[in-house]
Amino acid sequence: MSQAALADAPIPHKIDANAPPAIVLDKVNKWYGTMHVLRDVTMTVAAQERVVVCGPSGSGKSTMIRCINRLETHQEGRIVVDGTELTDDLRALDTIRREVGMVFQSFNLFPHLTILENCTLAPIWVRKMPKAEAEELAMSYLTRVKIPDQAKKYPGQLSGGQQQRVAIARALCMKPKIMLFDEPTSALDPEMIKEVLDTMIGLAESGMTMVCVTHEMGFARQVADRVVFMDRGEIVESGTPQRMFEDPQTDRLKLFLSQILRGH
Amino acid sequence: MSDVTADPRFAAGRAAPRRRLRLSWSDPTFRAIVWQVLIVGLVGLVLWYLVRNTNQNLAARHIATGFGFLDRVAGIPIGETLVPYNPAVNTYGRALIVGVLNTLKVAVVGIVLATLLGTVIGIGRLSSNWLLSKLTAFYVETLRDIPLLLQLLFWYTVLQGLPAPRQAIRLGEVFLSNRGIKVPLLEIQSAHEWAFLAFVIGLVATVLWNRRAARQQAATGVRPRVWPVAIGLLIGLPLVVWAVLGAPLTFEVPVLRGFNFQGGGTLSPEYFALLLGLVTYTAAYIAEIVRSGIQAVPQGQWEAAGALGLRSGMVLRKVILPQALRVIVPPMTSQYLNLTKNSSLAVAIGYQDIVSIANTTLNQTGQAIEGIAVIMAVYLTISLSISLFMNWYNAHIALVER
Amino acid sequence: MSDTVATADPGYAAARERPPAGLVGPWAWARANLFSSWWSTAITLLLVYVILRALFGFVEWAFVNAIWTVPYNAQGRPDTAVCQNAKGIGACWAIITDKYRLILFGRYPYEEQWRPAICVVLFIGLYVVSAMRRFWRKELALIWVGTLAVIGVLMWGGVFGLQEVPEDYWGGLPITLILATFGLAFAFPLAVLVALGRRSRLPAIKLLCVLYVELIRGVPLISVLFMASVMFPLFMPAGVNVDKLLRAQIAFILFAGAYLAEVVRGGLQALPKGQGEAADALGLPYWKKTGLIILPQALRLVIPPLVNTFIGFFKDTSLVLIIGLFDLLTMGKVALSDPPWQSFSTEVYVVLAIIYICFCFAMSKYSRGLERELNRARRR
């Protein structure tokens, strides 16, 4: 956890309580074989809300976030994203995937395409955007993540932090309403974590709805409207970052916080 | 990265001092030269010894060396030829050319079919259907564990075990017998030639249309549909031309005359057995290459592309295949080479490829060295051509990485 | 957003241990792996039909309707009329019972065939011992030399009161095993030298090795075997006759050497450069560096592909059929040339295939297991 980020004051932010919720999870259950990995997970994310999900490894937080854009399927309960319920229906899936951007722990850039082509692939083939327009859009986002000069290079030629920023730009090129982050900084060297977090903070300031699985508590404190703590497949506790970190109610959260503070 | 030499603070480079060769065992250059002279000399000595023996033996047996025999009349009867050939008139040279063409005939068709079959089986191995993936795995394991020669002999006896032409198995106008597979042949008329020309034009037009579609997509974002136009151009246009010219359609049907069929096209049992054996055997190897190539693309690539909203067909085309091909192409090249080299087993079942004809030639003329030199030269040429082409292709799709 | 505390209880909420019905159990498995979609269901049904048809057909042919023995006439000739009648309906395994000694041991004197039988057992034992990691020591080379010597004595005889049997009478499985094993034993050192030569900094040596490897790999094995059978006698000084088996063996060694050299080179290339540099820094001279540092590591890396190459050569020994040497496959054909048995090739080919599959499957299974093990060890 970066000490500098911890010292920063929270970004002032107001959520429109009357707007329809961005994501609704209602009693979501999932099993891998006989292993119960999500247990009655219920959560609502309002539009423009920033939620940080934390918890020990194997607590189901990644599985939950992957269920939101159906990289994993849930077996019981309801998930509604931006008013569309996730079902087997492929058209609904297409709609949701366009509205939801995702950033992975291992970047998952396409190694055979240049940075620019990585960013324009989906806008051209999914959003049916003219090439020039897609490239212009991509360059504007690459500028925003501060690597416009790398556009002609291939992912293998970039550092991890740069790759992750490209991955963020690539997701933004689809102009999503919601961004999901699945441990975006876990695979990075410490000196690169900050550049990625800064990009994410910038994104938060622009009013993006974000669900972020991360252990970066400084980031949570500065950006999150709400922190959700998961353990053993269920949501144990949730609340404002301040309340959660300073006044944890459950022993499990206390244990987790003590471990994570010792670990850093 | 800063360029060190461009930095003005560094003095202009001085040429490295020339090393002087010392005639001493402790001098590495001297030692290297001695080693090389020694080994090259040894190899040269062995070669000289073999050549000298060979010359003496040839002289003792009164065998003339050289390729003069190529101009002599061959007298080798050849069952199937791609170019006109008459054993009573044509020379050994021409017989060998017929052999090369027969080798190419089985290799080219075999490579295409083995690639298709191998790809299907390789994808079957990755199927989520348990039965299909186990069955294809069984196919791959079994076929790879039996010597190809045994498989060829087996297929050949199966084909020879078919009934005689009089009792041939009939499938429509196709006849299966121990004399091979007889198929009706289209009698080529001018309308067919025009239709073929129309097909070629349609092919060019499809390519042009595809380019136009790409340009239009770049400009407006919307890609005009290509496949209806392609179907129209590739199938519709030739059909229309053919119909306008009177739609002639007559086949030369194989007819049983005496003990064999007359007319129609033939796949000889030898060719068919060789093709069947080579294709099923090589497909087992190709299936493994395709499987591991697709598996080499990390799962995260599917997920990332899916999360961006790309449909699975598009993910395959734009993300997975370009990466899998890079893994697949180099081992695939060596399988193509293997298939071509394995086609030389034709000699065991009497298909007259280059090895078989060169072997007959060297038995008839006694020109052992020349005969084997011809075989080796032919295969080296084919091998080099395939690997040159594949290297070019490989460089074309190579992955840029740090 | 109001603060919520889902469970004030410090313990864990009781998990529903039982997932909803249909997520586990054989039915769930079948639904996921056999009937996950309509086309998967279609494939499953089609395959089940095809497999059952093929299986029943095979069982009926190979067991139910099979003929196991035929009567012999006064001259000891088999009367195959029963088999001829059953042709196409049932297998005629009588040919195997009649000919198995011929197929396995060729024309080796009938009374002495226990010797090639022991040799086959010794070969298999040698493979098994070589496959065990606890024998991967220098002594393994001694075991090889010793076993191969014993095999030589047993096959040739002429000492220890054993009747002498010249190579012309050898045949069947021992020939296949001899060609493959001796081929590997001699090709391997050659391959190591050539692989080192190909990576040498000395241009002339590198050129020689590249020429050798690429020439051999560019031509089919048949042409090398032809060379051995028709050109080799020309190479030798007048009066020197080299036995056919030995000529084929030399061709195999030359051929296998080129392919194995490429496999070894792969191992040398996969080795991190630092290993060679570290040895240089220690001041080890070239041969010490190569023998003590580079080769032991590089060879360990390439054992799985080496086994795969060996499987290939094992199968390729069957090609000596074309130059008229009596290996297992040739003996199968010889058995089939006996007039009464001429039309029962399928039975013989099936048995030969099973023998080859036994050897190759064991080796490939071993190679895959080893690969997994080595990968795991490397990742750690």
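Convention: sequence-line order gives letters A, B, ...; per-chain numbering from 1. Since the structure is predicted, the reported quantities are computational estimates derived from the model, not experimental observations. Quick note: numbers below take in every heavy atom, side chains included, and nothing from hydrogens, waters or symmetry partners.
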Quick check: does any side chain N or O of Asn108(A) sit under 3.5 Å from a backbone N or O of Gly300(B), one acting as donor and the other as acceptor? yes
Using non-hydrogen atoms only, which part of Phe110(A) is less than 4.5 Å away from chain B: side chain, backbone, both, or neither? both
Would a distance-only check, ignoring hydrogens and angles, find a side-chain to backbone donor-acceptor pair under 3.5 Å from Glu133(A) to Gly221(B)? no
With chain A, the option among Pro298(B), Ala218(B), Gly309(B) that has the most non-hydrogen atom pairs under 4.5 Å is Ala218(B)
Turns out that what part of Ile124(A) lies under 4.5 Å from chain B's heavy atoms comes down to both
Check each atom of Arg66(A) against the heavy atoms of chain B and say whether the ones under 4.5 Å are side chain, backbone, both or neither. side chain
Name the member of Leu71(A), Asp94(A), Leu93(A), Asn69(A) that forms the most heavy-atom pairs with chain B at distances under 4.5 Å. Asp94(A)
Proximal component of Arg317(B), with respect to chain A [non-hydrogen, under 4.5 Å]: side chain
Point-to-point distance, once rounded to the nearest 0.5 Å, from NE2 of His112(A) to CZ of Arg326(B): 6.5 Å
Evaluate whether atom OH of Tyr32(A) has more than 12 neighbouring non-hydrogen atoms of other residues, nucleotides or ligands under 6.0 angstrom away. yes
Of the non-hydrogen atoms in Pro130(A) and Ala219(B), which two are nearest, and what is the gap between them? CB-O, 3.0 Å
Atom pair CE (Met174(A)) and CG (Leu308(B)), whose distance is rounded to the nearest 0.5 Å: 6.5 Å
Does any backbone or side-chain atom of Leu180(A) lie under 4.5 Å from a heavy atom of chain B? Answer side chain, backbone, both or neither. neither
Considering only heavy atoms and a distance below 4.5 Å, find which of Val319(B), Val297(B), Val222(B) pairs most often with chain A. Val319(B)
Value for CZ (Arg223(B)) from CH2 (Trp125(A)), rounded to nearest 0.5 Å, stands at 4.0 Å
Under a 4.5 Å heavy-atom cut-off, does chain A meet the side chain of Ala307(B), its backbone, both or neither? both
For Gly306(B) and Arg97(A) the tightest heavy-atom approach is O-CD, 2.7 Å
Leu90(A) side, atom CG; Arg311(B) side, atom CZ - distance, nearest 0.5 Å: 6.0 Å
Straight-line distance of Lys131(A) NZ to Thr220(B) OG1, nearest 0.5 Å: 13.5 Å
Within 6.0 angstrom of Glu136(A) CD, more than 12 heavy atoms from elsewhere: no
What pairs meet the salt bridge (charged side-chain N to carboxylate O under 4.0 Å, His left out) rule with one or both residues in residues 154-166 of chain A, with sequence neighbours excluded? Arg165(A)-Glu195(A)
Is Val126(A) in contact with chain B via its backbone, its side chain, both, or neither, using a 4.5 Å heavy-atom distance? side chain
Just give me the residue among Met129(A), Lys128(A), Lys153(A) that pairs up with chain B most often, heavy atom to heavy atom, under 4.5 Å. Lys128(A)
Is it the case that atom CG in Asp189(A) sees more than 12 heavy atoms from other parts of the structure closer than 6.0 Å? yes
